[in-house]
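Below you'll find the structure, written out as structure tokens, and then a few comments.
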Protein chains: 2
Amino acid sequence: MSKPTERDIARIRARQAREDFNIFSRLPAVYAASRSQGQKFLQHGGGLSIVEWRTLWDLCEVGPMTIRDLAAIQRADHSLLSRALPEMRRKGFVTMRRDAEDGRQMIVEIAEAGRAAYETAAPVMARRRAALRAVFSEEEVNQFVGYLDRLEDFLRTPIDEFLKEDTAE
Amino acid sequence: MSKPTERDIARIRARQAREDFNIFSRLPAVYAASRSQGQKFLQHGGGLSIVEWRTLWDLCEVGPMTIRDLAAIQRADHSLLSRALPEMRRKGFVTMRRDAEDGRQMIVEIAEAGRAAYETAAPVMARRRAALRAVFSEEEVNQFVGYLDRLEDFLRTPIDEFLKEDTAE
DNA sequence: AGAAAATATATGACTTGTCACGAATTATTT
DNA sequence: AAATAATTCGTGACAAGTCATATATTTTCT
């Protein structure tokens with residue numbers, strides 16, 4: 001009975017219900033849903049990709065910056081930007097120039113087509129944030145973000161610390 | 001001044017701080033960190049991939065089931081499993097057979113090598129969950145999951161509902 | 001000044017996830 | 001019984017991430 005050969009629907013349901021409380025297993029689904037919804041909104045706002053949107057938004061809000069800066073703001077790996085930017089330049093969304101003072105850095109700046117694309121997408125994305133605010137109060141967002149902070153902190157702890165201890169389960 | 005040509009570090013910092021409270025922008029990073037940590041744990045537990053681990057775990061806990069069932073438990077698209085399973089069969093982790101009663105379905109069952117791989121990985125992964133419990137109390141996990149539920153609900157709402165309303169920002 | 005270390009970017013290889021569509025099978029309707 | 005609809009799975013095409021490593025440049029140390 002601990003190893004039935006037939007599909008057991010009750011057990012499947014039970015497993016599903018239990019996994020609802022497994023944070024590790026919830027995260028991918030929530031993130032995927034967020035990405036998917038974001039892409040749909042962007043589709044209605046001119047067809048930018050998520051990376052493009054985030055980058056144009058950052059550049060419009062704060063002005064020119066390096067690839068590293070963009071990655072830091074977006075909490076993403078720099079390679080993601082490094083790969084996306086040449087195509088954005090080709091589209092006329094941004095300009096890129098090597099920093100005169102520090103030859104390692106690349107300074108990215110918004111260009112005309114980029115500002116236009118941003119202005120098309122921005123109102124739609126503002127709607128999205130407004131819709132979220134209708135669901136979560138400011139206080140709740142703060143609490144939620146507090147949990148995310150703590151979780152991220154946990155997730156970035158080197159794993160040796162957990163594996164060394166002698167207490168399991 | 002609203003469009004400086006030089007990199008403005010104070011503004012970059014400010015933007016970063018503001019984005020800390022943007023749930024949409026936090027999610028990818030938190031998820032990426034979780035995936036990355038999970039992969040590292042699995043590396044110490046025999047080298048399974050995340051999809052492999054989830055699948056073996058589910059199959060060991062509930063017995064044989066269809067691809068659809070696995071996708072539902074994992075809250076993932078069926079295509080992800082559909083693609084991963086043939087390789088798992090090749091490794092001797094699972095067996096697959098077409099359901100005799102419903103010829104559309106594929107019944108997946110744990111196999112010997114799969115159980116062995118599971119048993120190697122399981123203690124390490126149990127450590128991980130234990131470590132998380134040291135950081136979040138049961139009550140907190142429930143609250144956190146509550147937020148995730150509400151967020152996921154929001155994220156799966158058809159976007160027309162948000163775009164039709166006349167109130168922006 | 002020269003050597004060593006650190007930092008910024010680019011790039012290859014990989015994983016996890018989506019969506020859309022076609023083919024096969026089963027269920028429902030007329 | 002035939003036609004229509006729904007479901008399951010497979011697969012192609014893509015997006016968004018990661019990590020590791022190489023290269024160029026700057027910084028720091030001796």
Side-chain angles (χ1 to χ4, degrees), chain A residues 7 24-43 47-55 65-72 74-89 96-108 155-156 159, chain B residues 7 24-43 47-55 65-72 74-89 96-108 155-156 159:
Chain A
R7 184 166 169 250
F24 298 127
S25 119
R26 293 297 300 269
L27 276 183
V30 174
Y31 162 64
S34 171
R35 180 159 59 123
S36 180
Q37 192 196 53
Q39 280 165 338
K40 278 175 200 147
F41 272 97
L42 285 168
Q43 208 51 45
L48 291 175
S49 77
I50 290 179
V51 177
E52 286 172 338
W53 157 249
R54 284 195 305 226
T55 302
M65 58 186 132
T66 70
I67 292 183
R68 211 90 202 169
D69 294 332
L70 281 168
Q74 297 178 19
R75 296 166 168 265
D77 196 276
H78 67 93
S79 62
L80 187 59
L81 278 305
S82 194
R83 235 184 288 271
L85 284 167
E87 176 64 13
M88 292 182 71
R89 177 172 49 189
M96 292 163 73
R97 63 175 194 275
R98 204 153 279 282
D99 187 350
E101 280 160 31
D102 185 336
R104 292 167 301 185
Q105 299 187 144
M106 204 64 152
I107 300 213
V108 186
L155 293 170
R156 299 208 187 273
I159 73 168
Chain B
R7 184 166 168 250
F24 299 128
S25 119
R26 294 296 302 268
L27 276 182
V30 174
Y31 162 63
S34 171
R35 181 160 59 127
S36 180
Q37 192 197 54
Q39 280 165 337
K40 278 175 202 148
F41 272 97
L42 285 168
Q43 210 50 46
L48 292 174
S49 78
I50 289 179
V51 177
E52 285 172 339
W53 157 250
R54 284 196 305 225
T55 303
M65 58 186 132
T66 71
I67 292 182
R68 212 90 201 167
D69 294 332
L70 281 168
Q74 297 178 19
R75 296 165 167 263
D77 195 276
H78 71 94
S79 61
L80 187 59
L81 279 305
S82 195
R83 236 183 286 271
L85 283 166
E87 175 65 14
M88 292 182 70
R89 176 172 52 189
M96 293 162 74
R97 61 175 194 277
R98 205 154 277 283
D99 187 351
E101 281 160 31
D102 185 336
R104 291 167 301 186
Q105 299 186 141
M106 203 65 151
I107 300 211
V108 187
L155 294 170
R156 299 207 187 275
I159 72 167

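Values in this document were obtained by computation on a predicted structure and should not be read as measured data. In what follows, chains carry the letters A, B, and so on, assigned in the order in which the sequence lines appear, proteins first and then strands, with residues in each chain numbered from 1.
Nucleic acid contact class of B/E101 (heavy atoms, under 4.0 Å, all strands): sugar-phosphate only. Nucleic acid contact class of B/T66 (heavy atoms, under 4.0 Å, all strands): sugar-phosphate only. Residue A/S49 is in sugar-phosphate contact alone, with no base atom involved, counting any heavy-atom pair closer than 4.0 Å across all strands shown.
The CE atom of A/M88 sits 15 Å away from the C1' atom of D/dA16 (whole-angstrom rounding). Note: CG (B/L81) to P (C/dG17) measures 10 Å, nearest angstrom. In this structure, CD of B/E87 is placed 16 Å from C1' of D/dG10, rounded to the nearest angstrom. Summarising the geometry, the separation between CG on A/D77 and C1' on D/dA20 is reported as 11 Å, rounded to the nearest angstrom. Counting to the nearest Å, the P atom of C/dT11 and the CD1 atom of A/I67 are 10 Å from each other. Here C/dT9 presents its C1' atom at 13 Å from CG of A/D69, a figure rounded to the nearest Å. As a whole-Å value, the separation of B/Q105 CD from D/dA6 P is 18 Å. Here C/dT28 presents its P atom at 12 Å from CG of B/D102, a figure rounded to the nearest Å.
A sub-4.0 Å separation between OP1 or OP2 of C/dG17 and a side-chain N or O of B/R54 is present. Between A/Y31 and C/dT18 there is no side-chain polar atom (N or O) within less than 4.0 angstrom of OP1 or OP2. Between B/S36 and the phosphate of D/dG17, there is no side-chain N or O to OP1/OP2 separation shorter than 4.0 Å.
Between A/R35 and A/L80, the one whose closest nucleotide on DNA chain C sits nearer the 5' end is A/L80. In this structure, B/K40 and A/E52 both approach DNA chain D, and ranking their closest nucleotides by distance from the 5' end singles out A/E52.
Checking side-chain atoms of B/T55 against main-chain N and O of B/V51 turns up a donor-acceptor pair under 3.5 Å.
In this structure, A/L81 and A/M106 have side chains that are not in contact, with every pair of non-hydrogen atoms separated by 4.5 Å or more. Between B/D69 and B/V108, every side-chain heavy-atom pair lies at or beyond the 4.5 Å cut-off.
Here A/H78 lies parallel enough and close enough to stack on the base of C/dT9, with planes under 30° and ring centres under 5.5 Å apart.
Listed here is the closest heavy atom pair of A/A71 and A/D77: CB-C, 4.2 Å. In this structure, B/G103 and B/R98 approach most closely via the heavy-atom pair O-NH1, 2.8 Å.
The base of D/dT18 has none of its N or O atoms less than 3.5 Å from a complementary donor or acceptor on the side chain of A/R75. Side-chain to base pairing of A/R104 with C/dT9: no donor and acceptor N or O lie closer than 3.5 Å to each other.
For B/R83, the listed nucleotide lying nearest its side chain is D/dT11; candidates were C/dG12, D/dA16, D/dT11.
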